[in-house]
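Worksheet: the structure to be examined is printed underneath.
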Amino acid sequence: MIAVVGSLNLDLVAPVPQHPVPGETVLGGDIAQHPGGKGANQAVAAARLGGNVAFVGRVGEDDAADVMLDAVRNEGVDTTHITRTPGVATGRALIAVDPAGENTIIVSPGANARLGAADCETASDLLRKAAVTVLQQEVPDEANHAAARLAGGIVLHNPAPAVAGAVPPPHVDVLVPNRTELAALTGTPVPETIDDVVAAARKLTGAGAVIVTLGGDGVLLLEGTAHLHIPAFRVRPVDTTAAGDSFCGALAVALAEGRTLEQAARWACAAAAISTTRAGAQPSLARRDEVEAFLAGRR
Ligand code: RIB
């Protein structure tokens, strides 16, 4: 079983011709509304790929809460430990997507910010039994730290988004930052070249292994003193929203099935590549048969 501790956001997505600079207004296209949130996306990604997934999180008591609960429940995710929180809105995200598929995102955490250590303690049986516990940074550190402490299996932490002052749990088995998050964790400039990424990732201590997601450049896997660059699958991206979530959900499933880190990372690259070819966060996430067909077509 896979436990995901994290956020649920209702995403409002607008296509834009280009991203606005400060003080600028741009006219965008038609608004779309999708279920999202890094935690919920990772849970749905894992469930669609065959994972048995349970979620620990918080929503408000508004209409958005029902949308979010239905979205994850309909994918087979166990919502027993998603708590409705009175007097607070469900998390929301405002997303702009440009013609190259690149996004900017503003998250209003709402109920996600109320997730605490007590929520994880209530779910301690689940966390103890989970083969993989998946964390991100759209909920308070105290929830992540408690979940990591209670986890009986592999702890996979995706330190996204790069929140100033956020402190990852001390004991993480697999840390999955992107370039920006790696820079935030190490205090280095955003690494451009693969050599720069390797040098920055080597500064990270406290994680068993590090996988840096590099978008169109693939991923960099570091384990002990060894590192391996896995190139990305070539696809034509439409919307890169949730590509990292797709990767993390797939990685969790593969690790729960006992694959090696390298096998899991390659498989997760395929799931992430597929997600970039479709719009929206959860609508874009791949199913297992799609990943297998995609990989078969690349052999
Ligand atoms: O990673 C993509 C997600 O980031 C979106 O679904 C949005 O809700 C934000 O959490």
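In what follows, every heavy atom counts, from backbone to side chain, and hydrogens, waters and symmetry copies are set aside.
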### Message
Using a 6.0 Å cut-off, check whether atom NE2 of His229 has over 12 heavy atoms from anything other than its own residue.
### Response
yes
### Task
Show your reasoning for whether side chain to side chain donor-acceptor pair (under 3.5 Å) applies to Asn41 and Gln282.
CA-CA 6 Å; Asn41 296 344; Gln282 287 175 33; 3.1 Å; yes
### Query
Is any side-chain heavy atom of His81 less than 4.5 Å from a side-chain heavy atom of Val5?
no
## Note on the structure
Rounded to the nearest 0.5 angstrom, the CG-CD distance for Leu295 and Glu290 is 12.0 Å
### Task
Would you indicate whether the side-chain heavy atoms of Thr241 and Val13 approach each other to under 4.5 Å?
no
#### Entry: Shortest non-hydrogen contact from Leu127 toward Ala147
CD1-CA, 4.1 Å
#### Entry: Arg92: salt bridge (charged side-chain N to carboxylate O under 4.0 Å, His left out) partners, not counting sequence neighbours
none
### Query
About how many Å separate CG of Leu8 and CG of Leu69, when rounded to the nearest 0.5 Å?
7.0 Å
### Message
Closer than 4.0 angstrom, basic N to acidic O: yes or no for Asp66 and Arg73?
### Response
no
### Message
For Arg298, I'd like to know if atom CZ has over 12 heavy atoms of other residues, nucleotides or ligands within 6.0 Å.
### Response
yes
### Task
With sequence neighbours excluded, tell me which residues meet salt bridge (charged side-chain N to carboxylate O under 4.0 Å, His left out) with Arg179.
Asp217
#### Entry: SG-CD distance between Cys120 and Glu142, expressed to the nearest 0.5 angstrom
8.5 Å
### Query
So, for Ala256 and Ile2, which heavy atoms are closest and what is the spacing to 0.1 Å?
CB-CG1, 4.1 Å
### Task
Please name the pair of heavy atoms, one in Val53 and one in Ala46, separated by the smallest distance, quoted to 0.1 Å.
CG2-CB, 3.7 Å
### Query
Is any side-chain heavy atom of Lys38 less than 4.5 Å from a side-chain heavy atom of Val107?
no
#### Entry: Heavy-atom check, side chain of Ile230 versus side chain of Arg266, under 4.5 Å
yes
### Message
For Val167, is there any backbone N or O sitting under 3.5 Å from a side-chain donor or acceptor partner on Asp141?
### Response
yes
### Query
Who pairs with Asp195 by salt bridge (charged side-chain N to carboxylate O under 4.0 Å, His left out), at least two apart in sequence or on another chain?
none
## Note on the structure
Interatomic distance, NE2@His19 vs CG@Asp98, rounded to 0.5 Å, equals 3.5 Å
### Query
Within the distance-only criterion (no hydrogens, no angle test), does the side chain of Arg114 pair as donor or acceptor with the backbone N or O of Arg58 below 3.5 angstrom?
no
